[in-house]
Amino acid sequence: METSGLVVHGQDAPFSTALRSLVNNPWYSDVRFVVGQERQEVFAHRCLLACRCNFFQRLLGTEPGPGVPSPVVLSTVPAEAFLAVLEFLYTNSVKLHRQSVLEVLTAAVEYGLEELRKLCLEYVVKVLDVELVCEALQVAVTFGLRPLQERCIAFIEVHSQEALRTRGFLELSATALLPLLRSDKLCVDEAELVQAARNWARVGAAVLERPVAEVAAPVVPELRLALLAPAELSALEEQNRREPLIPVRTQVEQIVEAWKCHALRRGDAVRGAPCRCRRGTLPREHHRFLDLPFK
């Protein structure tokens, strides 16, 4: 009569160390990857990848073909991030680095590695700073990582001026920039925010080879031009004639609405919500006529 057995466990550390030694090791390797723009060659073991990750199971198939297998090209994932993914698959642990964690997070999402995704998110929150936050926001928006998106926006709301000067801010997509511009809690004056939007649109125009005003069109309606003083509005109109930021149709509507606020001395006369002061809005004489100051 068969008796029930007892599962006993050896030490984890030697097992993990042994498997870690196989990461990118040609010893017994039966699959090769060519990874990243640098086309770095990476060695792996088909059975381990397939049993640990459905993505690799589908990618590699059930068994290798005859002869020497051709390398699998993964050009979009940087080599450092891919090696971190392999380390996690082989050992169920990974050493994360601030400069590459977002790339590892991106790979984890794309490969369906939920546990690695959570580990990356926890690490990003711990190391979040001014230089990293806009890049993290872009990843969060791209992959629908709502808690990370909210954390990034909250961080930028506190460190607005510094974040707006980073390269990451200039490289945000319009979709990622919009929730920032809709925030009442940004610690920045509207004049600075208008200039930051112009700088952002210039970079986008150069990359996309499109006019600045065309790139700026989705985000310009979120700028609260009625918060600007009359002299600032006039200067903005003049600058817009030299270098269009605000599309013609939007300029007619949005700037006219801002002037209406000044003329009528009533914020509620302006359609939409362009008169709400943000946390960092500097006081101007006409703000006492606005109905919705930030509290």
Side-chain angles (χ1 to χ4, degrees), residues 98-99 101-102 124-125 127-142 145-146 148-208 210-229 231-233 235-240 242-247 250-251 254-255 258 273-284 287 293-294:
R98 180 191 170 283
Q99 66 271 20
V101 64
L102 293 178
V124 169
V125 170
V127 301
L128 201 62
D129 61 15
V130 168
E131 293 300 324
L132 186 66
V133 66
C134 288
E135 295 177 37
L137 174 61
Q138 184 60 65
V139 171
V141 170
T142 300
L145 305 174
R146 189 73 181 183
L148 179 59
Q149 177 179 333
E150 293 173 354
R151 180 63 68 94
C152 291
I153 290 175
F155 186 96
I156 295 172
E157 286 171 341
V158 176
H159 305 278
S160 304
Q161 290 183 328
E162 300 94 328
L164 295 182
R165 299 188 186 106
T166 64
R167 177 178 176 181
F169 173 79
L170 297 176
E171 294 177 348
L172 286 174
S173 66
T175 305
L177 181 55
L178 280 171
L180 284 180
L181 297 182
R182 290 170 180 155
S183 172
D184 293 342
K185 298 180 181 180
L186 291 177
C187 289
V188 63
D189 185 60
E190 206 65 24
E192 291 185 61
L193 199 56
V194 171
Q195 185 58 49
R198 183 181 295 277
N199 295 338
W200 170 84
R202 284 171 177 163
V203 171
V207 172
L208 300 173
R210 293 162 52 192
V212 170
E214 184 179 328
V215 172
V219 304
V220 162
E222 303 302 328
L223 297 174
R224 303 176 185 182
L225 303 186
L227 297 178
L228 302 179
E232 294 171 310
L233 267 178
L236 176 61
E237 288 185 288
E238 177 60 30
Q239 187 176 14
N240 205 58
R242 297 194 308 270
E243 181 194 30
L245 169 70
I246 305 173
T250 305
Q251 179 180 0
Q254 198 168 350
I255 294 184
C275 285
R276 284 200 308 271
C277 291
R278 304 182 197 268
R279 179 173 285 159
T281 301
L282 297 177
R284 293 166 175 82
H287 288 179
F294 177 79

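FYI, the numbering just counts along the sequence from 1.
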Please identify each residue that fulfils side chain to side chain donor-acceptor pair (under 3.5 Å) with Glu157, with sequence neighbours left out. Ser183

Sorted by chain and residue number, the side chain to side chain donor-acceptor pair (under 3.5 Å) partners of Asn199 (sequence neighbours excluded) come out as Gln195, Arg202

Could you check whether any side-chain heavy atom of Leu227 comes within less than 4.5 Å of a side-chain heavy atom of Cys277, counting everything from C-beta outward? yes

Minimum side-chain heavy-atom gap Leu164-Leu180 below 4.5 Å: no

Going from CD1 on Ile246 to CG on Asn240, what distance comes out if it is rounded to the nearest 0.5 angstrom? 4.5 Å

Taken to the nearest 0.5 Å, the spacing of Glu162 CD from Asp129 CG works out to 11.5 Å

Decide if atom CZ of Arg198 counts as having more than 12 heavy atoms of other residues, nucleotides or ligands within a radius under 6.0 Å. yes

Validation: residues 131-141 side-chain donor-acceptor distances under 3.5 Å, sequence neighbours left out:
unit_1, atom_1, unit_2, atom_2, d
Gln138, OE1, Ser173, N, 2.6
Gln138, OE1, Ser173, OG, 3.2
Gln138, NE2, Thr142, OG1, 3.1
Gln138, NE2, Ser173, OG, 3.2

Contact summary for Gly204 and Val215, nearest pair of heavy atoms: C-CG2, 4.0 Å

Are any side-chain N or O atoms of His159 and backbone N or O atoms of Ile156, one a donor and one an acceptor, separated by less than 3.5 Å? no

Arg279 to Cys187 - nearest heavy-atom pair and separation: CD-SG, 3.5 Å

Do Phe155 and Val130 make a side-chain contact, defined as non-hydrogen atoms from C-beta onward lying under 4.5 Å apart? yes

Carefully, step by step, assess Leu145 and Arg151 under the rule side-chain contact (heavy atoms from CB on, under 4.5 Å). CA-CA 10 Å; Leu145 305 174; Arg151 180 63 68 94; over 6 Å; no

Thr281/Arg278 under side-chain contact (heavy atoms from CB on, under 4.5 Å): CA gap, chis, key distance, verdict: CA-CA 5 Å; Thr281 301; Arg278 304 182 197 268; 3.5 Å; yes

Indicate yes or no: at least one non-hydrogen side-chain atom of Gln254 is less than 4.5 angstrom from one of Leu223. yes

Atom pair CZ (Arg98) and CG (Leu102), whose distance is rounded to the nearest 0.5 Å: 9.0 Å

With Arg242 via side chain to side chain donor-acceptor pair (under 3.5 Å) - residues at least two apart: none

Write down the atom of Ala201, the atom of Val212, and the distance for their closest heavy-atom approach. CB-CG1, 3.7 Å

Under the side chain to side chain donor-acceptor pair (under 3.5 Å) test, residues paired with Thr175 that sit two or more places apart: none

Looking at Leu170 and Trp200, what are the two nearest heavy atoms and their distance? O-CD1, 3.4 Å

Quick one, Gln239 and Leu245 - any side-chain contact, counting heavy atoms below 4.5 Å? no

Glu222 versus Leu178: any side-chain heavy-atom pair under 4.5 Å? yes

Taking side chain to side chain contact (heavy atoms under 4.5 Å, CB included) as the definition, give me every residue that meets it alongside Glu192, ordered by chain and number, with sequence neighbours left out. Gln161, Arg165, Val188, Asp189

Roughly how far, to the nearest 0.5 Å, is the CD atom of Glu190 from the CZ atom of Arg284? 8.5 Å

